[in-house]
A.B. asks: 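Following this message is one structure expressed as structure tokens.
By convention in this document, chain letters (A, B, ...) are assigned in the order of the sequence lines, proteins followed by strands, and residues within each chain are numbered from 1.
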Amino acid sequence: DQQVKQNSPSLSVQEGRISILNCDYTNSMFDYFLWYKKYPAEGPTFLISISSIKDKNEDGRFTVFLNKSAKHLSLHIVPSQPGDSAVYFCAASEGGYSTLTFGKGTMLLVSP
Amino acid sequence: EAEVAQSPRYKITEKSQAVAFWCDPISGHATLYWYRQILGQGPELLVQFQDESVVDDSQLPKDRFSAERLKGVDSTLKIQPAELGDSAMYLCASSLQGQVGTGELFFGEGSRLTVL
């Protein structure tokens, strides 16, 4: 039973436009949510996180929104750049020190 | 910049053979993790160490997988015998004190295993 779901395997966006990646979760005990980015043949790298006490967190071009009632979070990238093309994993944990549970990932392709 | 080192990057083996992966975490990181990522899936935790002690190995198939971190620094993950379904990327990650909820989890480049 998947506790973290990324229902879109892929997303294509034009350079300069907004990319919106979505993630749903089923475990109401999750209180930390993260996005990781992965290039081919490399390990995942941390992008941005949000705790359940907030509903928005921004870092430059990246913003994560959390809707606890819907058990849904999204990552917005504005503006999208070709270098953003990668697989994006949503992850969650129960408490800051607990194991991360990852989604299956969404492959983002940003075309020039 | 400090990195998590893993070797080998790529390993091709025949089923029933033994295979081993090595990981050297970022210096000073007490918590070390081994994840397995099957193509098209997200990383799944196999084992977590705090210093030299296993904290969580509930998802480690102990009939064929073993992991150790004898001196609390580098770690080895072994598979014996390898099966076709073990083909995956094996990712090592480390954390200073395990505070992963805020992004304090750093991955190595992974070891890609192909079992023929």
A.B. asks: How about B/L84: does its CG atom have over 12 heavy atoms from other parts shown lying under 6.0 Å from it?
C.D. replies: yes

A.B. asks: Of the backbone (N, CA, C, O) and the side chain (C-beta and beyond), which part of B/R9 lies under 4.5 Å from a heavy atom of chain A, both, or neither?
C.D. replies: side chain

A.B. asks: Under a single-linkage definition using a 4.5 Å side-chain heavy-atom cutoff for Ile, Leu, Val, Met, Phe, Trp and Tyr, are A/L21 and A/I50 assigned to the same hydrophobic cluster?
C.D. replies: yes

A.B. asks: Using heavy-atom distances under 4.5 Å, tell me whether B/Y35 contacts chain A through its side chain, its backbone, both, or neither.
C.D. replies: side chain

A.B. asks: Taking atom CD of B/E104 as the centre, report whether more than 12 heavy atoms of other residues, nucleotides or ligands fall under 6.0 Å from it.
C.D. replies: yes

A.B. asks: Is A/Y36 close to B/L105 at the side-chain level, that is, under 4.5 Å between some pair of heavy atoms?
C.D. replies: yes

A.B. asks: More than 12 foreign heavy atoms under 6.0 Å from CD of B/Q17: is that the case here?
C.D. replies: yes

A.B. asks: Which heavy atom of A/S93 sits nearest to which heavy atom of B/G101, and what is that distance?
C.D. replies: OG-CA, 4.0 Å

A.B. asks: Side chain, backbone, both or neither: which part of B/F106 has a heavy atom under 4.5 Å from chain A?
C.D. replies: neither

A.B. asks: Pick one of side chain, backbone, both or neither for A/Y97, based on which atoms fall under 4.5 Å of a heavy atom in chain B.
C.D. replies: both

A.B. asks: Determine the option with the most heavy-atom pairs under 4.5 angstrom with chain B, choosing from A/F102, A/F33, A/W35, A/Y32.
C.D. replies: A/F102

A.B. asks: Group every Ile, Leu, Val, Met, Phe, Trp and Tyr by side-chain heavy-atom contacts under 4.5 Å, then state whether A/V13 and A/F62 land in the same group.
C.D. replies: yes

A.B. asks: Between B/F21 and B/L32, is there shared hydrophobic-cluster membership here, with clusters defined by ILVMFWY side-chain heavy atoms closer than 4.5 Å?
C.D. replies: yes

A.B. asks: Checking heavy atoms, do the side chain of B/Q48, its backbone, both or neither come under 4.5 Å from chain A?
C.D. replies: side chain

A.B. asks: To the nearest 0.5 Å, how far apart are OG1 in B/T102 and CG in A/L34?
C.D. replies: 7.5 Å

A.B. asks: Look at the side-chain heavy atoms of Ile, Leu, Val, Met, Phe, Trp and Tyr, link any pair under 4.5 Å apart, and say whether B/V4 and B/L91 land in one connected group.
C.D. replies: no

A.B. asks: Between A/S49, A/P9, A/G105, A/G95, which residue shows the highest count of heavy-atom pairs closer than 4.5 Å to chain B?
C.D. replies: A/S49

A.B. asks: Calculate, to the nearest 0.5 Å, the distance between atoms CD1 and NZ belonging to B/I38 and A/K104 respectively.
C.D. replies: 10.5 Å

A.B. asks: Measure distances from B/E44 to the heavy atoms of chain A and classify the residue's part below 4.5 Å as side chain, backbone, both or neither.
C.D. replies: neither

A.B. asks: So for atom CD1, which belongs to B/I12, do other residues, nucleotides or ligands contribute more than 12 heavy atoms lying within a distance under 6.0 Å?
C.D. replies: no

A.B. asks: Between A/S98 and chain B, with a heavy-atom cut-off of 4.5 Å, which part of the residue counts as in contact: side chain, backbone, both or neither?
C.D. replies: backbone

A.B. asks: Where does A/A41 contact chain B at under 4.5 Å (heavy atoms): side chain, backbone, both or neither?
C.D. replies: both

A.B. asks: Would a single hydrophobic cluster contain both A/M107 and A/F89, if residues Ile, Leu, Val, Met, Phe, Trp and Tyr are joined by side-chain heavy-atom contacts under 4.5 Å?
C.D. replies: yes

